[in-house]
Every structure is written in C-alpha cells, then in structure tokens.
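Take a look at the structure set out below.
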Amino acid sequence: MTRIVAAPDESAAGIREAAELLRKGELVAFPTETVYGLGADGLNPKAAAAIFDAKGRPQDNPLILHIADLKALDPLVTSVPAGAREALAHLWPGPITFIFYRSTLVPDVVTAGGPTVAIRMPQNPIARALIRAAGTPIAAPSANRSGRPSPTTAGDVLEDMDGRIPMILDGGSSSIGVESTVVDLTVTPPVILRPGFHSRVTLEADFPGIEDVTPEAAQVSSDVPKSPGMKYRHYAPKAPLSLYIGPGDAVTARLAKDTEGYRAAEKRVGIMAFDPQIDALQARLDGGVTYASMGPAPTHPAVAQRLFYNMRVLDRAGVDVILAVGVPEEGVGIAVMNRLRKASGGKWLLVE
Ligand code: TXA
Ligand code: MG
C-alpha cells in the first residue's frame, strides 16, 4: 500500500513522517521543481539499492544525491574545481546537477561503482525541507518505472510505484516538468551531459567555454541502456510516439492527413500540439482523437511543464498512437526535443 500524503508547504507534518521513513532506510517519493524524485538515504547503501528494485533500473546507472545547503557538498566530493564555487552559489538551488569526483563517504551503489558522483540542490521548498529533516543527502532518480515518462504529479508517481513504496509526498505539479541539466565538472571545459531548463547559452556566463556532450560520447553514457534494441526508447509512453518537426501550419496539415489515415485503420489517435493547432484539427476532424495541449505557443513554459504529463494522459486515454509536435531547439526547447526524440524511438518526420 502506497499512501499519498499532502505537503502543501514546508511545515507540513507529512515531511517529518517522510524524513523518518528515509532515516529507517525506506523509500519516499517527493516533489522537486523538475520532476518527482524517488528518494532514499543516500549514505545508506541498502536503502539506495532498493531504489533500483523499485524502479526496475539497470544497476549501472548512477543516482543523483540531493542536498539542501552548500556546506553539505564538501563531505561528498574530493574537491570543487577552482572557480566553480561562485557558479554553484549562483545556480543552486535550482534545476541543475553537477558531477564531481566522489569522496569515500558516498556508497558504491549511488555512483554505480564509478569515481564520480552527481549532486543537485533542488529549489522546491518541500524537497529542501525533506532533505533538512532527513539530515542526510537524499539519493533520488526520477520516480518513474525505468523507461517511462518522468512523473510530474503525485498521481503519476502512484501510477508507477503503487505498492512498491510506502509514501508519496504530494507537493502539487512540478513547475518545470523536465529533469535537471546535468553538467560534468570533472572535465575542462565542463560538459553538459543532459540538457534541461539550463542549456549551453544560459550556462556560458557561469562556465565560459562549456560544451554540449557529443552524440558519440552520449551513446556510451550510462543513461543509454546497453541493449541496442532499447537504445532509443526512453521517457516513453506506452503508445508509439511520432514526432512532427516543421512550420506550425504545415505540421497541422500533416497531422490532419495522418490522423485520417489512422482513423481509417480504426486506430485511436492522441495528439500533443499547441492550442491553435488543436483548434484547427478539431474543426477539421470528427472524433476518435484525444488532444493534449502543449500550451498556447512553442516558447511557453507549459511545453516543458506538460511534456511528460501529456504522455501519461494519452496513455491513460488508451490511444494506439501519439502524434507530437516538435518545438524550436532554443532554451528549454532543447531539453524538450531531447526527450521527445528519445520518446519517439527515432521516429521523427520533417514536414515542409
Ligand atoms: O531533475 C532531476 O534530475 C531528477 C530529480 C528527482 O532531481 N532526477 C533525475 O534522476 O532525473 P535520474 O536518475 O532519472 O537521472 C539522472 C541522470 C542519469 O542520466 C544518470 O545517468 C546521470 O544523471 N548521472 C548520475 N550520476 C552520474 C555520474 N556520476 N556521472 C554521469 N552521469 C550521472
Ligand atoms: Mg529518470
């Protein structure tokens, strides 16, 4: 039995209870501004190991340690690169994770046996209160079953974790909606391993010369399952997802045409698109389609905030296929397209 416990603010009684469970070695899901995390005491190897079981996560994929104060960083790492402290103080708390060389305090299971450790100081007040109350760094991946879209609400966590963990702290919807930017500080210049709310352009001022990971290096990163068949599908809904990339009107026309094709084959269609596109499609198509709004326009924060939520909504609606609209690869749009490409398993269409 998994209980959802409301945590409307940082004084909620549920936070104390959750911290107690963590101290006893149990797992608790909690909100962050990016996505919900599946937390365990990050200094307790047995507790951290239980995360892999609950998620069905490959053992070779390391976990992020979540801290609430900068003074919690030093005991976990061998050193902080020269000049990085100011940037950390600027970007933390926030939706960004940094990779350091680990200290001996960090259990092997957290780093997947590797020499480095990922650390993040989240901004969400519930997350921060929980870390403080637990009095230990909290190891937490996203609280989805491995391969599924990350959860951005307590209900989405329950969908994947019911019966697997004792408690979910409900702090409402995650405000950002995609996972943190992961930046490797063990190399010079630093490298962005995973795009998120922050991207190269916004990080350049704090880390001059910062680079995006090359596609070749990304292939061998621990985020990519070793089995070649699974290499691409990740963050994925149950229904196959096709990604449509191109100018809005051309994409709308192509969505209408393809939807008619799917409907003729009696397939239930889910469409993730912008409000004006949904209006146009509703006027043209007659039923058999479930729409999930990506917001009013491609640069609106709702695009990221609803990305994973929409995938889960369409899965729950029982659609056979999902057609999703791409966004410009700028700002958080880089992270959105990174996740949509993975969710599509390589099935994207360039529409002219
Ligand atoms: O926003 C987030 O980052 C959320 C919230 C809960 O904090 N967490 C999250 O965790 O997305 P997870 O486990 O789903 O993704 C962590 C990513 C993975 O791609 C993992 O391979 C990478 O960070 N990672 C963790 N430790 C690493 C390390 N030592 N070196 C390189 N990559 C690492
Ligand atoms: Mg994840």
Side-chain angles (χ1 to χ4, degrees), residues 1-24 26-42 47 50-57 63-64 66 68 93-95 120 122-134 138-180 196-197 235-238 292-293 295 301-302 304-317 339:
M1 255 290 285
T2 301
R3 278 184 311 136
I4 294 189
V5 175
D9 60 45
E10 59 265 45
S11 65
I15 295 174
R16 294 245 137 249
E17 204 190 326
E20 219 127 274
L21 286 168
L22 288 171
R23 276 197 299 268
K24 280 197 289 187
E26 306 256 15
L27 304 186
V28 171
F30 63 98
T32 85
E33 69 274 24
T34 56
V35 300
Y36 272 67
L38 180 61
D41 177 349
I51 288 176
F52 292 85
D53 290 336
K55 271 188 71 102
R57 180 177 177 110
L63 305 174
I64 298 173
H66 295 72
R120 173 170 172 226
Q123 167 91 68
N124 179 290
I126 312 299
R128 296 168 65 70
L130 179 65
I131 299 163
R132 288 208 175 102
I138 299 182
S142 49
N144 51 286
R145 290 279 293 167
S146 202
R148 298 269 300 139
S150 296
T152 56
T153 67
D156 287 354
V157 177
L158 188 68
E159 188 172 63
D160 282 20
M161 292 296 157
D162 196 9
R164 296 178 185 275
I165 59 174
M167 183 172 167
I168 302 168
L169 272 184
D170 184 354
S173 292
S174 295
S175 58
I176 292 177
V178 292
E179 305 86 347
S180 62
F197 179 80
Y235 309 111
K238 291 174 191 142
S293 170
Q305 206 260 327
R306 294 186 197 163
L307 178 73
F308 292 130
Y309 185 75
N310 281 342
M311 292 181 192
R312 287 177 177 268
V313 164
L314 293 177
D315 268 344
R316 284 194 287 268
R339 308 313 191 264

Which value, rounded to the nearest 0.5 Å, describes the distance between [X] atom [atom1] and [Y] atom [atom2]?
| X | Y | atom1 | atom2 | result |
| --- | --- | --- | --- | --- |
| Asn310 | Gln305 | CG | CD | 9.5 Å |
| Glu20 | Lys24 | CD | NZ | 7.0 Å |
| Lys55 | Arg148 | NZ | CZ | 11.5 Å |
| Arg16 | Leu130 | CZ | CG | 10.0 Å |
| Gln123 | Arg128 | CD | CZ | 6.5 Å |
| Ile131 | Phe30 | CD1 | CZ | 6.0 Å |

Subject >> Within 6.0 Å of CZ in Phe52, more than 12 heavy atoms from elsewhere >> reply: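 Yes, enclosed.
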Original post:
Is the count of non-hydrogen atoms from other residues, nucleotides or ligands lying under 6.0 Å from Arg316 atom CZ greater than 12?
Top reply: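 Buried by this count: over 12 neighbours within 6.0 Å.
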Residues which pass salt bridge (Lys or Arg N to Asp or Glu O under 4.0 Å) with [X], listed by chain and number, not counting sequence neighbours:
| X | value |
| --- | --- |
| Glu17 | Arg3 |
| Glu10 | none |
| Arg312 | Glu159, Asp160 |

By side-chain hydrogen bond (donor to acceptor under 3.5 Å, both in side chains), which residues pair with [X], not counting sequence neighbours?
| X | value |
| --- | --- |
| Asp41 | Thr136 |
| Arg306 | Ser293 |
| Arg57 | Asn61 |

Could you tabulate the donor-acceptor pairs under 3.5 Å formed by side-chain atoms of residues 164-175, not counting sequence neighbours?
| unit_1 | atom_1 | unit_2 | atom_2 | d |
| --- | --- | --- | --- | --- |
| Asp170 | OD1 | Gly172 | N | 2.9 |
| Ser174 | OG | Thr32 | O | 3.0 |

Original post:
Can you name the ring-ring contact (aromatic ring centres under 6.0 Å, His included) partners of Phe308, sequence neighbours left out?
Top reply: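 Phe308: ring-ring contact (aromatic ring centres under 6.0 Å, His included) contacts with Tyr235.
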Taking all non-hydrogen atoms of both residues into account, name the closest pair between [X] and [Y] and its distance.
| X | Y | answer |
| --- | --- | --- |
| Ala140 | Gly39 | CB-CA, 4.0 Å |
| Gly177 | Thr152 | O-CG2, 3.8 Å |
| Pro237 | Met311 | CD-SD, 3.7 Å |
| Ala134 | Ile138 | CB-CD1, 4.5 Å |
| Pro149 | Ala236 | CD-O, 2.9 Å |
| Ile64 | Ser180 | CD1-OG, 4.2 Å |

Taking only residues two or more places apart in sequence or in another chain, which ones pass side chain to side chain contact (heavy atoms under 4.5 Å, CB included) with [X]?
| X | answer |
| --- | --- |
| Ala317 | Thr290, Val319 |
| Ala50 | Leu27 |
| Ala143 | Ala29, Tyr36, Leu38, Pro151, Val157 |
| Pro8 | Ala6, Ala12 |

Original post:
Using a distance-only test with no angle check, is there a side-chain donor-acceptor pair under 3.5 angstrom linking Thr34 and Arg120?
Top reply: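 Side-chain D/A pair, Thr34 to Arg120: present.
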Original post:
Are the side chain of Arg145 and the backbone N or O of Ala54 linked by a donor-acceptor pair below 3.5 Å?
Top reply: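 Yes; judged by distance alone, with no hydrogens or angles, the pair exists.
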Original post:
Can you tell if the side chain of Arg339 reaches within under 4.5 Å of the side chain of Leu307, non-hydrogen atoms only?
Top reply: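 In contact.
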